[in-house]
Structures are given as structure tokens and as C-alpha cells.
Amino acid sequence: VQGMAAELATGAIVTQYIRNRNGKVSMLILNNKASFHKKARGRIWFQCKDGDALKATLDKVFESGEGQTIWMKAEGRDEAGDTVSEFHFEWTLKVKKQ
């Protein structure tokens, strides 16, 4: 369940940035890694702060027409603000052919 929430935290940003560019980009997860730091109890929030790196990667995708990959991190925190898990996803981004 944490993995799905973490993927959504990164994927939502990717989707939003693609929509803002009015582009057609294929996005797919190539790899992922996870670390669990403590037992998850109660509500867990996932946040991704890789927007600037994503923007730079998407700029390369649109400028070059070449596919790119980017590792993005989603951190899960509990109600006390403690980190319970970290997930890293390697996204592949490629302009869709018409």
C-alpha cells in the first residue's frame, strides 16, 4: 500500500508537468527501490520534492525528442512527522509518436 501511495506522489507530479507543457509523453516506471525506517501507524503522507529536476528532464525530452529517465523520491511521514519509508522510482519519459 505504501508503494502505491509513493508511486502516486511521484506520478502525479509527472502527469501535472506533462499537462502544463501541453505535450504527449509516454511515462513508465523502469525501476524502484524502497527503504522502511519504522512501522507505519495511522495516516501516512507521501511527498515528492523533485519538481525542478523533473522540469529539467522534461525540457530535454521536448527539446531533443530523445527519451530520458529520472529517479524521483517519495518520502512517507506519519502524523508525528517521522519518516516511515522512502521510495525511489526511475521514470522513463518519451515523446509519443503521432
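The analysis underlying the following values was restricted to heavy atoms, covering all of them including side chains, and did not include hydrogens, waters or symmetry mates.
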Next item on the list: With the side chain counted from C-beta on, respond yes when K24 and V95 share a heavy-atom pair under 4.5 Å apart, and no when they do not.
Entry: no

Checklist line | Closest non-hydrogen atom pair, A74 against A9 | finding: CB-CB, 4.2 Å

Next item on the list: Enumerate the residue pairs fulfilling ring-ring contact (aromatic ring centres under 6.0 Å, His included) with a member in residues 10-50, sequence neighbours excluded, ordered by first and then second residue.
Entry: F36-F87

Check: When you check the gap from the basic side-chain N to the acidic O, do R77 and D82 get nearer than 4.0 Å?
Finding: no

Item checked: Closest heavy-atom pair and its distance - T10, C48 -> CG2-SG, 3.9 Å

Next item on the list: Applying side-chain contact (heavy atoms from CB on, under 4.5 Å), name anything that partners A12, two or more places apart in sequence or on another chain.
Entry: none

Next item on the list: Starting at CD1 of I13, measure out to CD1 of I18 and round the result to the nearest 0.5 Å.
Entry: 12.0 Å

Next item on the list: Step by step, work out the side-chain contact (heavy atoms from CB on, under 4.5 Å) result for E86 and E75.
Entry: CA-CA 5 Å; E86 292 179 19; E75 189 171 6; 4.2 Å; yes

Notebook entry, point to check: Tell me, do I29 and E7 make a side-chain contact under 4.5 Å, heavy atoms counted?
Noted result: yes

Table please: side-chain donor-acceptor pairs of residues 54-73 below 3.5 Å, with sequence neighbours left out.
| unit_1 | atom_1 | unit_2 | atom_2 | d |
| --- | --- | --- | --- | --- |
| K55 | NZ | D59 | OD2 | 3.2 |
| T57 | OG1 | A53 | O | 3.0 |
| D59 | OD1 | R21 | NH1 | 2.5 |
| S64 | OG | K60 | O | 2.7 |
| S64 | OG | E66 | N | 3.0 |

Note to self: Within the 4.5 Å heavy-atom criterion, are Q2 and V84 side-chain neighbours or not?
What the structure shows: yes

Item checked: Hphob cluster co-occupancy, M27 + F89, side-chain heavy atoms under 4.5 angstrom -> yes

Margin query: Just to verify, which of K38, R43, K39 counts as forming a side chain to side chain contact (heavy atoms under 4.5 Å, CB included) with R41?
Written below: K39

